[in-house]
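So the structure is just underneath, and the comments pick up after that.
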There are 2 protein chains.
Amino acid sequence: MSLFLSSYENRLDTKGRISVPASFRSSVMGENFQGVVLYRSFTNDCIEGLSMSRMEKLASASDQMGVFDTELDDLSAMLFADARPLQFDVTGRIVIPEDLLKHAGIKDTAVFVGRGNSFQIWNPSAFKEAQNKSMGNLRKLRPNLKIVSGN
Amino acid sequence: MSLFLSSYENRLDTKGRISVPASFRSSVMGENFQGVVLYRSFTNDCIEGLSMSRMEKLASASDQMGVFDTELDDLSAMLFADARPLQFDVTGRIVIPEDLLKHAGIKDTAVFVGRGNSFQIWNPSAFKEAQNKSMGNLRKLRPNLKIVSGN
DNA sequence: AATTATTTTATGGTATATCATGGTTTATTA
DNA sequence: TAATAAACCATGATATACCATAAAATAATT
């Protein structure tokens, strides 16, 4: 499974359909579930996205840990209850459920934001704001920030 | 076997019949028992649900451990005694036994809640309450909560 | 490098199938 | 035979499969 990288701004049509960026689709290529899993972010006003294979990994992890870790149990419970498996149509679109759109404040345009093993879907202006904010935080905390270079 | 994901609110008809969500049905597709196994939750006022194949896995697991762990033995004994195998009808409905409904306080509407490898059936308002509670727990314990990212 | 051709991708609209739900009839069994 | 449960049939709402076009990106050609 390849990574979710870069950002793409796409439009929703009248039925709430939206194209998943082609590069995001290809990172799910070869898996048996041709689609993504979405859920409302617990921490931000945005939608979180995962591949089904990753979701399955989380399931087996929480299966084994759950007995001992009630916190993790709460977490995974919320996650699985909220998670929406959404299959691509022939042209690579999904329809994002109403409550998810509402949670992210998305109306007619959305940004898909790569996050490596996952991705997020944002209202475009909300994303810019959040981005500025975290950029500000970075500058504040690390005036001489350098990206680690390593092979 | 695919995962039980998302939540679905369905209605019971006058005979106690209720549609098992199509996506839950499809996660049992291909198994020889076309239905689910239900039992009263030990920890919550709700009904627990499993596929038959998973029930069988639990059986063999407790077979191996049970000899040494009397607690686990008691637990699995209760589980097997209480478990009800319920076959789908042609349209994908089941009738949930009276005592299970009573235990979960379900009257005319129920929510099927995905939990990964299992699911639960709740009274809608009771579920909302429980969900708020565990969300509260999470925020309290982990203000900077992040979903596990790893392999 | 500029232009054209070809493929991929995004978007819009319509038709079809699926699903949840209700009702009716036939079998079971107490 | 009355009561109960299982099989059968019907339907409105909704989602998804299908078809068509526009825009963009890539490749090919001059």
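Sequence lines set the chain letters: A, B, ... in the order given, protein chains first and strands last, and positions in each chain run from 1. Only a predicted model underlies this, so the values are computations on that prediction, with no experimental measurement involved.
- For B:F127, the ring pair (Phe, Tyr, Trp, His ring centres under 6.0 Å) partners two or more places apart in sequence, or in a different chain, are B:W122.
- Annotation: side chain to side chain donor-acceptor pair (under 3.5 Å) contacts of A:D99 (sequence neighbours excluded): A:R84.
- Taking Ile, Leu, Val, Met, Phe, Trp and Tyr as hydrophobic and joining them when side-chain heavy atoms fall under 4.5 Å apart, one finds A:V95 isolated, its cluster having no other members.
- One can place CD1 of A:I94 at 15 Å from C1' of C:dT11, the figure rounded to the nearest angstrom.
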Anything under 3.5 Å between a donor and an acceptor, one on a side chain of residues 102-119 of chain B, the other on a protein residue two or more places apart or in another chain? List them.
from, atom 1, to, atom 2, distance (Å)
B:H103, ND1, B:C46, O, 3.4
B:N117, ND2, A:D63, OD2, 3.1

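- Legend: residues meeting side chain to side chain donor-acceptor pair (under 3.5 Å) with A:D45, ordered by chain and number and at least two apart, are absent.
- Within the structure, side chain to side chain donor-acceptor pair (under 3.5 Å) contacts touching residues 27-39 of chain B (residues at least two apart or in different chains) are B:E31-B:S53.
- The backbone N or O of A:A81 lies less than 3.5 Å from a partner atom in the side chain of B:S7, making a donor-acceptor pair.
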When you compare the protein's N or O atoms with those of nucleotides 19-23 of chain C, which come within less than 3.5 Å of each other, and at what distance?
from, atom 1, to, atom 2, distance (Å)
C:dA20, OP1, B:A22, N, 3.2
C:dA20, OP2, B:R25, NH1, 2.8
C:dT21, OP1, B:R11, N, 3.4
C:dT21, OP2, B:R11, N, 3.3
C:dG22, N7, B:R93, NH1, 3.0
C:dG22, O6, B:R93, NH2, 3.0
C:dG23, N7, B:R17, NH2, 3.1
C:dG23, O6, B:R17, NH1, 2.7
C:dG23, O6, B:R17, NH2, 3.2

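- Residues passing the side chain to side chain contact (heavy atoms under 4.5 Å, CB included) test with B:M135, sequence neighbours excluded: A:F42, A:M78, B:R139.
- As a whole-Å value, the separation of A:D89 CG from C:dG12 C1' is 12 Å.
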Show me the side-chain donor-acceptor pairs of residues 8-15 of chain A shorter than 3.5 Å, one per line, residues at least two apart or across chains.
from, atom 1, to, atom 2, distance (Å)
A:Y8, OH, A:S23, OG, 3.2
A:N10, ND2, A:S19, O, 2.8
A:D13, OD1, A:K15, N, 2.9
A:D13, OD1, A:G16, N, 3.2
A:D13, OD1, A:R17, N, 2.9
A:D13, OD2, A:R17, NE, 2.7
A:D13, OD2, A:R17, NH2, 3.0

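- Rounded to an integer number of Å, the gap from CD of A:E98 to C1' of D:dT14 is 14 Å.
- Rounded to 10 degrees, the angle separating the terminal helix axes of the helix from C:dA1-D:dT30 to C:dA30-D:dT1, each built from five base pairs, is 40°.
- Remark: B:R40 pairs with B:D82 by the side chain to side chain donor-acceptor pair (under 3.5 Å) rule, at least two apart or across chains.
- One atom, CZ of B:F88, and another, P of D:dC8, lie 18 Å apart when rounded to the nearest Å.
- Contacts between residues 105-125 of chain B and DNA chain C, counted as heavy-atom distances below 4.0 Å, involve no residue at all.
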